[in-house]
Amino acid sequence: MTESPADFIVSEINAGIFMLDRQYRVLLWNRFMAQHSDLDAETVIGRNLFELFPDLPQKWLVKKIDSVFVLKNFAFTSWEQRPYLFRFRHNRPITGGIDYMRQNFTFMPMRNAQGEVEAVVVTLLDATDSAIYQTMMQAAMRKLEESSNRDGLTGVFNRRYIDTRIFDEIQRIGRYQAAPFSVVLLDLDHFKRINDTYGHLAGDEVLREVARRVLPGLREPDVFGRYGGEEFILILPQTDLEGARSAAERIRFAIGAEAIVCGEQHIQVTASLGVASFLPPFSSAAEVTQAADEALYQSKHNGRNRVSVYPAQQSQTG
Ligand SMILES: Nc1nc2c(ncn2[C@@H]2O[C@H](COP(=O)(O)OP(=O)(O)OP(=O)(O)O)[C@@H](O)[C@H]2O)c(=O)[nH]1
């Protein structure tokens, strides 16, 4: 046997191993490093690492290596801190969303008989699979979180999410003395009759179409969701009562402007709306939604297809 088992392992292992002296000259360069850098051991040995690889983050890496020489301790870096040091290609599909091989490094002090560190041995582990897995996990988590905020039928936000957003708005006002927000509750008129006349599936399509008609008229910060059954809710950040009332009027018009076509049927739909602003003495989400609900009740009571505001004022008929 011409080669020692240790040499054989260093050469053949599926990980990068190289060794540097105090001047960052390469003393050892294994097969993995040669294959991925396209520079074989004969070319690199004796040469300065930073001349060979000008892309390396020299200042940062020198600090790391020097600390091993001085402190005589191991040092580590992971791909999560720095995705890679060497621009090595990886053999995974492009769809993984990772450009270069992700790398974990260990820096080990090699001591001489006097206990002085003469060289630093560096190992490079390919962490690309972990990185791809983590990227995929994060994307899946984001998707899951997004879908858990949505109403299954209409695709607009659900009540759970809306409740957290009202809470956020209240916090924001407390923290930054931001302008008050307003809440609009919207309830379709005689929806039971629509279900009874055209069937539940047509009723579902009406709910979807109502959401489609409301969304284009909203501003970017507005949050629109389904609050339950045939009731929707809109949060209007930094909007006073008058601004919210005119937004509600636009929505009422958008919903009732044209009949909703559902197969052979043309279904005329109207909505009643109630508006309230989060102003003193309100201090909770429940109080402001309750106020919007009272205004909504006024709209129903006064003949439907209208907008009412809290506290009670004259309401507008369509
Ligand atoms: N198709 C369908 N119907 C629903 C859904 N959720 C609730 N509903 C129906 O909505 C109707 C609501 O009826 P009511 O609360 O009596 O109110 P309304 O008929 O709209 O009358 P007003 O609100 O007083 O104008 C009920 O028939 C519910 O079954 C849904 O997801 N799909």
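Both counts, for ligands and for their atoms, begin at 1 and track the order of listing. Values below: all heavy atoms of this structure, side chains included; hydrogens, waters and symmetry mates excluded. These numbers come from a predicted model, not from an experiment.
Residue Phe191 has at least one N or O atom closer than 3.5 Å to an N or O atom of ligand 1.
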Please report, to 0.1 Å, the donor-acceptor pairs under 3.5 Å made by any side chain of residues 287-294, with sequence neighbours excluded.
from, atom 1, to, atom 2, distance (Å)
Glu287, OE1, Ser283, N, 2.7
Glu287, OE1, Ser283, OG, 3.3
Glu287, OE1, Ser284, N, 2.9
Glu287, OE1, Ser284, OG, 3.2
Thr289, OG1, Ala285, O, 2.9
Thr289, OG1, Ala286, O, 3.2

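Residue-ligand proximity: His301 is placed with every non-hydrogen atom at 4.0 Å or more from ligand 1.
Counting heavy atoms under 4.0 Å from ligand 1, residue Asp204 touches it through both backbone and side chain. Only the side chain of Leu207 comes within 4.0 Å of ligand 1, counting heavy atoms alone; its backbone N, CA, C and O stay farther away. In Asp187, the part holding a heavy atom less than 4.0 Å from any atom of ligand 1 is the side chain.
With ligand atoms numbered from 1 in the order given, ligand 1 contributes 5 (C), 6 (N), 30 (C), 31 (O) to contacts under 4.0 Å with heavy atoms of Arg226. Near Leu188, with a cut-off below 4.0 Å to any heavy atom, the atoms of ligand 1 are 20 (O), 23 (O), 25 (O). Each of the following atoms of ligand 1 lies closer than 4.0 Å to a heavy atom of Arg304: 22 (P), 24 (O), 25 (O). In the vicinity of Gly203, heavy-atom distances shorter than 4.0 Å reach the ligand 1 atoms 1 (N).
The existence of a salt bridge linking Lys143 and Glu146 is excluded, since no basic side-chain nitrogen approaches an acidic carboxylate oxygen closer than 4.0 Å. Between Asp99 and Arg102 there is a salt bridge, since a side-chain N of the basic residue sits under 4.0 Å from a carboxylate O of the acidic one.
Regarding atom 29 (O) of ligand 1, its nearest protein heavy-atom neighbour is Asn195 ND2, 4.0 Å. For atom 23 (O) of ligand 1, the nearest non-hydrogen atom of the protein is Lys300 NZ, 2.8 Å. Closest to atom 14 (P) of ligand 1 among all protein heavy atoms lies Glu230 OE2, 4.0 Å. Ranking protein heavy atoms by distance to atom 13 (O) of ligand 1, first place goes to Lys192 CB, 3.7 Å. Among protein heavy atoms, atom 6 (N) of ligand 1 sits closest to Gly229 CA, 3.2 Å.
Using cut-offs of 30° and 60° on the angle between ring planes, the pair Phe282 and Tyr310 is tilted.
Aromatic pair Tyr24/Phe50: ring centres closer than 6.0 Å.
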Stepwise side chain to side chain donor-acceptor pair (under 3.5 Å) test for Glu258 and Gln268: CA-CA 7 Å; Glu258 281 175 35; Gln268 189 61 52; over 6 Å; no
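Cluster note: Tyr100 groups with Tyr84 through ILVMFWY side-chain heavy atoms spaced under 4.5 Å, whether in direct contact or through intervening members.
Test Phe157, Phe232, Tyr161 against Phe224 for ring pair (Phe, Tyr, Trp, His ring centres under 6.0 Å) and you get one pass: Phe232.
Formation of a donor-acceptor pair under 3.5 Å by the Arg226 side chain with backbone atoms of Gly229 is found in this model.
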